[in-house]
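Some notes on the structure that comes next.
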Amino acid sequence: MSTIAIHPIHRAVRFYEAPIGKKAVMAITGVMLVGYVFAHLLGNLQIYSSDAEQINRYAGFLHNPANAAALWAARSVLLLAVALHIIAATQLWLQNRAARPIGYVKKADLPASYAARTMIWSGPIVGAFVIFHVLHLTAGKVLELRELGPNMPDVRYNVITGFSNPWISGFYILAMILLCLHLYHGMWSMFQSLGISHPRYTPLVKKAAAVLAIAVAVGNCSIPIAVLTGLLTY
Amino acid sequence: MKIILHIWRQRNADDKGRMARYEVPNVNEHMSFLEMLDVLNEDLIAKDEEPVAFDHDCREGICGMCGSMVNGVAHGPKPGTTLCQLHMRFFKDGDELYLEPWRARAFPIVKDLVVDRSAFDRVMAAGGFISVATGSAPDGNAILVPKEDADRAMDAAACIGCGACVAMCPNASASLFLAAKISHLGLLPQGQPERHERAVAMVAQANQELFGACTNIGECEAVCPKEIKLEVIARMNHDFLLAKLAGRGAAEEG
Ligand code: HEM
Ligand code: FES
């Protein structure tokens with residue numbers, strides 16, 4: 001027989017048992033989350049449109065009951081990706097901590113690679129931020145949300161009133177800086193995790209990851225900053 | 001010159017261990033690091049104290065026996081150098097150096113700076129070989145190897161299995177070692193028949209030995225005395241993922 005019968009569940013379990021399998025799961029779910037982050041950025045930047053109603057039209061389109069199935073499908077996929085990403089990260093973190101029960105009296109950090117070392121902190125803080133963000137601008141549990149009509153949130157108003165509060169703005173900006181670090185390491189690391197590395201291209205991938213991560217942070221942070229400095233008003 | 005040492009002293013695996021301070025007043029800059037420890041040990045023996053246990057064999061940077069953390073860096077501050085090949089001229093009079101054993105759950109301490117690295121041997125036994133019928137020596141040119149592959153395989157084969165990658169890794173991961181062995185054989189025609197089983201079996205064994213997982217930080221690459229590159233880890237990931245996703249089942253049995 002040219003193949004050995006192996007139950008698909010066993011195959012998946014054995015795949016996931018290995019740290020490389022877990023890292024592959026983190027990389028694939030990471031790609032999905034990165035895709036979401038960029039799509040979300042493009043959505044957010046519509047607040048700068050010369051047509052003040054543009055962002056509300058976009059929100060209305062997303063909230064249109066006709067699109068509810070697609071919206072919930074996308075939300076479910078993202079939620080599943082987040083769950084898998086967090087589970088794999090936590091399991092690897094526990095394994096890695098257990099692998100060195102007694103630490104060094106003196107330990108140097110070579111190379112500095114701040115972003116790589118702090119993935120397990122930048123990740124959960126960004127995760128907590130995402131929950132706050134949904135409570136704030138989707139669920140309206142932080143500030144009362146204004147609606148133009150049923151399924152028509154007044155996003156422009158809600159964003160600008162929210163960001164007029166320096167504490168809320170400050171938390172958004174902090175979270176975006178941490179997201180920038182997480183994305184910088186994540187966006188090149190996922191290539192390595194999936195087995196792609198080349199002395200000619202990997203340095204370029206790292207540079208591209210830095211540029212894109214900074215672009216996300218600058219793009220998103222510009223909104224609370226524009227509100228606080230009075231450049232963006234209702 | 002004078003060197004002040006803080007050395008991890010631990011009588012045996014069960015002892016709790018502690019740092020102890022020593023002064024070596026008569027260090028010559030031409031000594032190797034291990035010769036400096038020899039001088040310390042001569043002093044200790046003369047004083048009827050227990051000498052510091054440390055591993056060593058070739059003292060020419062090729063066997064992989066030596067190594068300890070020097071001020072938190074595996075094999076000390078000079079890149080691409082084993083501890084035995086590190087010379088005291090790289091230090092200054094009055095330097096204080098902290099010497100600690102490799103720390104990993106998979107590398108239990110035997111005594112002082114000596115750790116048990118047999119986990120590496122078991123990983124090698126799991127797949128770090130090629131199965132060939134031995135017999136009379138084959139014609140050296142019977143199997144052609146592209147020069148670039150031969151060079152890359154040779155770069156990976158330079159791994160001496162010292163364990164510095166594990167010691168330096170914040171996760172105590174053996175990925176650089178594993179990947180060097182997997183790449184060394186996997187790049188050559190003779191290594192192809194078992195290429196995928198090898199990656200799966202060695203990765204599984206390393207996991208069983210309770211090494212950590214790679215988070216692509218690169219501390220291993222920074223201290224590897226043979227300057228093995230992170231690229232080999234991507235290659236290992238590639239071989240492993242391909243075996244798991246495209247394999248017909250043989251690798252899973254391995
Ligand atoms: C919410 C909680 C989160 C946690 C706990 C978390 C944690 C982690 C950790 C520990 C890593 C592994 C780093 C490594 O091993 O190199 C990682 C990788 C990654 N993360 Fe996250 N993260 C979170 C959220 C996010 C978000 C919101 C995104 C994207 C927008 C993201 C994108 C990525 C990417 C692309 C990777 C690279 C995967 C790889 O190394 O192969 N993560 N994350
Ligand atoms: S003693 Fe052989 S490599 Fe150092």
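Note that these values count all heavy atoms, side chains included, but never hydrogens, waters or copies made by symmetry. Note on naming: letters A, B, ... go to the chains in the order of the sequence lines (proteins, then strands), and numbering restarts at 1 for each one. Note that this is a predicted model, so its numbers are computed, not measured.
A distance of 6.0 Å or more separates the ring centres of B:Phe177 and B:Phe211. Taking the six-membered ring where the residue is Trp, the centroids of B:Phe33 and B:Phe91 are separated by under 6.0 Å. In this structure, A:His185 has its ring center no closer than 6.0 Å to that of A:Tyr114. Residues B:His196 and B:Phe240 keep their aromatic ring centres 6.0 Å or farther apart.
In A:Phe61, the CZ atom is not crowded: 12 or fewer heavy atoms of neighbouring residues, nucleotides or ligands sit closer than 6.0 Å. In B:Arg122, the CZ atom is crowded: over 12 heavy atoms of neighbouring residues, nucleotides or ligands sit closer than 6.0 Å.
Considering CG of A:Asn220 and OG of A:Ser222, their distance stands at 7.5 Å, rounded to 0.5 Å. A:Ile86 contributes atom CD1, which lies 7.0 Å from atom OG1 of A:Thr90 (distance to the nearest 0.5 angstrom).
Ion pairing between a basic and an acidic side chain is recognised when a charged N comes within 4.0 Å of a carboxylate O; B:Arg152 and B:Asp155 show no such pairing. With respect to B:Arg21 and B:Glu23, a salt bridge is recorded, a charged nitrogen being found less than 4.0 Å from a carboxylate O. For B:Lys147 and B:Asp151, the salt-bridge test passes: some basic side-chain N is under 4.0 Å from an acidic carboxylate O. A salt bridge does not link B:Glu96 with A:Lys106: none of the charged nitrogens is closer than 4.0 Å to a carboxylate oxygen. Remark: B:Arg117 engages B:Asp55 in a salt bridge, criterion side-chain N to carboxylate O under 4.0 Å.
Of all the listed residues (A:His198, A:Arg97, A:Lys107), the one sharing the greatest number of non-hydrogen pairs under 4.5 Å with chain B is A:Lys107. Between chain B and the residues A:Pro101, A:Ala115, A:Gly21, the largest count of heavy-atom pairs under 4.5 Å involves A:Pro101. Chain A forms more heavy-atom pairs under 4.5 Å with one residue of B:Leu210, B:Val73, B:Leu241 than with any other, namely B:Leu241. Most heavy-atom pairs under 4.5 Å with chain B: of the set A:Lys22, A:Arg117, A:Glu17, A:His10, this distinction falls to A:Arg117. When each of B:Arg235, B:His238, B:Met69 is checked for heavy-atom pairs under 4.5 Å with chain A, B:Met69 comes out on top.
For a heavy-atom cut-off of 4.5 Å, chain A lies close to no residue in residues 178-186 of chain B. Listed in order of number, the residues of residues 100-111 of chain B that approach chain A to under 4.5 Å between heavy atoms are B:Glu100, B:Pro101, B:Trp102, B:Arg103, B:Ala104, B:Arg105.
Residue contact with chain A, scored on non-hydrogen atoms closer than 4.5 Å, involves the side chain of B:Ala222 exclusively. When heavy atoms are compared at a cutoff of 4.5 Å, A:Leu110 approaches chain B by way of both its backbone and its side chain. Of the two parts of B:Val232, neither the backbone nor the side chain holds a non-hydrogen atom closer than 4.5 Å to a non-hydrogen atom of chain A. Contacts between A:Trp93 and chain B at a heavy-atom distance below 4.5 Å are absent for every atom of the residue. Residue B:Ala167 touches chain A through both its backbone and its side chain, counting heavy-atom pairs closer than 4.5 Å. Residue B:Leu230 touches chain A through both its backbone and its side chain, counting heavy-atom pairs closer than 4.5 Å.
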Test log, rule side chain to side chain contact (heavy atoms under 4.5 Å, CB included), inputs B:Gln208 and B:Gln205: CA-CA 5 Å; B:Gln208 260 179 39; B:Gln205 186 63 35; 3.8 Å; yes
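Using a 4.5 Å heavy-atom threshold, the side chains of A:Phe129 and A:Leu174 count as separate.
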